[in-house]
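Okay, structure first, notes after.
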There are 2 protein chains.
Amino acid sequence: MNYRMNKQVSITVIRRIPKYYRHLTELLEKGVNRISSQELSNLIGFTASQIRQDLNNFGGFGQQGYGYNVEELRDELGKILGLDREYNAVISGAGNLGHAISNYKGFKEAGFNIVGVFDKDPENPRHSNIEKLDVKPIEELESFIKKHNVEIGIITISKKYAQEIADIYVKAGIKGIWNFAPVDLKLPKNVKLEDVRLSESLYTLTYFIQETVE
Amino acid sequence: MNYRMNKQVSITVIRRIPKYYRHLTELLEKGVNRISSQELSNLIGFTASQIRQDLNNFGGFGQQGYGYNVEELRDELGKILGLDREYNAVISGAGNLGHAISNYKGFKEAGFNIVGVFDKDPENPRHSNIEKLDVKPIEELESFIKKHNVEIGIITISKKYAQEIADIYVKAGIKGIWNFAPVDLKLPKNVKLEDVRLSESLYTLTYFIQETVE
């Protein structure tokens with residue numbers, strides 16, 4: 001994977017890769033084997049020149065006059081994203097959002113195995129519809145992570161417990177945290193963080209609605 | 001609101017405003033009345049000069065030697081984001097994610113009223129824990145939106161129905177769509193769109209985990 005020699009790839013480009021990956025996966029499902037950067041452009045909405053430039057960052061998969069081989073390109077981008085293998089993940093916070101994530105089939109299909117769900121209050125009857133998984137108490141979280149080779153910790157617990165959970169994740173040796181709590185977590189540099197800011201996304205929408213109205 | 005005279009505000013700045021708003025709300029809750037751009041910087045992680053520049057876009061709320069009045073700044077940014085009033089919203093898709101959003105107290109507190117939840121299969125017993133709301137059939141969606149002055153349409157339905165729902169939203173005169181389905185919706189320009197890409201967020205995390213490991 002010679003793209004790793006080129007460490008200049010910006011975060012902006014990185015964040016576009018999952019979008020390419022999604023569209024290429026859909027093309028494959030439709031039986032499309034080959035696509036030009038212009039056709040990709042029509043589909044994704046980036047310019048053809050932007051697409052060529054983006055993909056060149058990772059070694060240039062396209063061939064002049066042929067375009068891209070959809071399966072090859074998808075597999076390469078999948079490798080870049082680390083999707084060529086499976087990950088064990090745990091969820092802390094068995095509320096509605098924890099349910100939604102633990103039951104979402106798409107994550108399982110993409111190689112993410114939710115192996116445990118934890119909560120401050122595991123006996124709460126509202127937690128009963130986590131499919132096939134018992135909700136366990138937070139006290140067992142650290143040893144569970146170590147025992148089950150868990151690499152990803154998901155935080156869907158209320159914000160007042162989020163840092164406490166993150167600290168347990170770090171102590172247990174987790175590699176990345178996917179955080180839904182509206183808190184800026186403090187983490188050591190070797191633990192990667194990806195925040196999902198639902199309220200901030202919604203407020204961006206109302207900003208643009210306002211813009212239209214006035 | 002004289003900031004509207006300055007239409008050059010970039011989308012990048014806009015997307016930072018909800019983050020300021022969240023931190024200022026937390027400061028207010030803690031009883032903090034006044035803050036310097038340097039203190040805001042320590043809290044939010046943007047540089048003090050970036051913060052001054054961002055806020056100057058909207059009319060410059062700070063005073064030399066005093067800093068920012070937290071409540072005033074929060075209220076102004078809230079107005080900019082359109083959070084100084086309430087919005088009626090509907091959800092299409094009564095699965096786990098629809099549950100999570102309809103039950104999330106933070107949205108209600110911020111002025112978003114989920115007035116209806118709709119599904120292709122409203123009788124599904126798994127939809128029973130949408131609190132205080134009956135799940136209604138999609139056939140009633142359009143007339144419901146018109147009747148209840150609904151401005152925001154949320155899509156948590158599976159991707160194969162997402163465009164169909166969006167078309168109903170548009171036809172019924174909705175102003176903005178908050179979309180969780182992994183689909184690029186086709187919408188007229190006057191309808192605003194904000195996508196939440198959960199898988200893409202997760203794949204960005206695995207990218208960075210990979211980076212660390214190798």
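In what follows, chains are A, B, ... by sequence order, proteins preceding strands, each numbered from 1. Computed from a predicted model, the values in this text were never measured in an experiment. Atoms considered below: every heavy atom in the structure, side chains included; atoms not considered: hydrogens, waters and symmetry mates.
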Residue pairs passing the salt bridge (Lys or Arg N to Asp or Glu O under 4.0 Å) test with at least one member in residues 88-117 of chain A, sequence neighbours excluded, are none
*Are more than 12 heavy atoms from other residues, nucleotides or ligands located less than 6.0 Å from atom CD of B/E164?*
yes
So, the part of B/I154 with a heavy atom under 4.5 Å from chain A: the answer is neither
Checking heavy-atom separations under 4.5 Å from chain A, one finds in residues 17-28 of chain B B/P18, B/K19, B/Y21, B/R22, B/H23, B/E26
With chain B, the option among A/G78, A/G45, A/A100 that has the most non-hydrogen atom pairs under 4.5 Å is A/A100
Just so I know, are the side chains of B/L193 and A/F208 near enough to count as touching, which here means a heavy-atom distance under 4.5 Å? no
Tightest non-hydrogen contact, residues B/Y87 and A/Q210, listed as OH-OE1, 3.4 Å
Within 6.0 angstrom of B/K171 NZ, more than 12 heavy atoms from elsewhere
no
Separation between CD1 (B/I209) and CD1 (A/I174), nearest 0.5 Å, reads 8.5 Å
CG (A/L97) and CD1 (B/I101) are apart, to the nearest 0.5 Å, by 8.0 Å
Test your reading of the model: is there a side-chain donor-acceptor pair from A/T206 to the backbone of B/L83, 3.5 Å cut-off? no
Residues 171-200 of chain B vs ring pair (Phe, Tyr, Trp, His ring centres under 6.0 Å), sequence neighbours excluded, gives B/F107-B/W178, B/W178-B/F180
So CG of B/D184 and CG of A/L43: to nearest 0.5 Å the spacing works out to 7.5 Å
Those residues of residues 196-204 of chain B that come under 4.5 Å of chain A on a heavy-atom basis, listed by number, are B/V196, B/R197, B/L198, B/S199, B/E200, B/S201, B/L202, B/Y203, B/T204
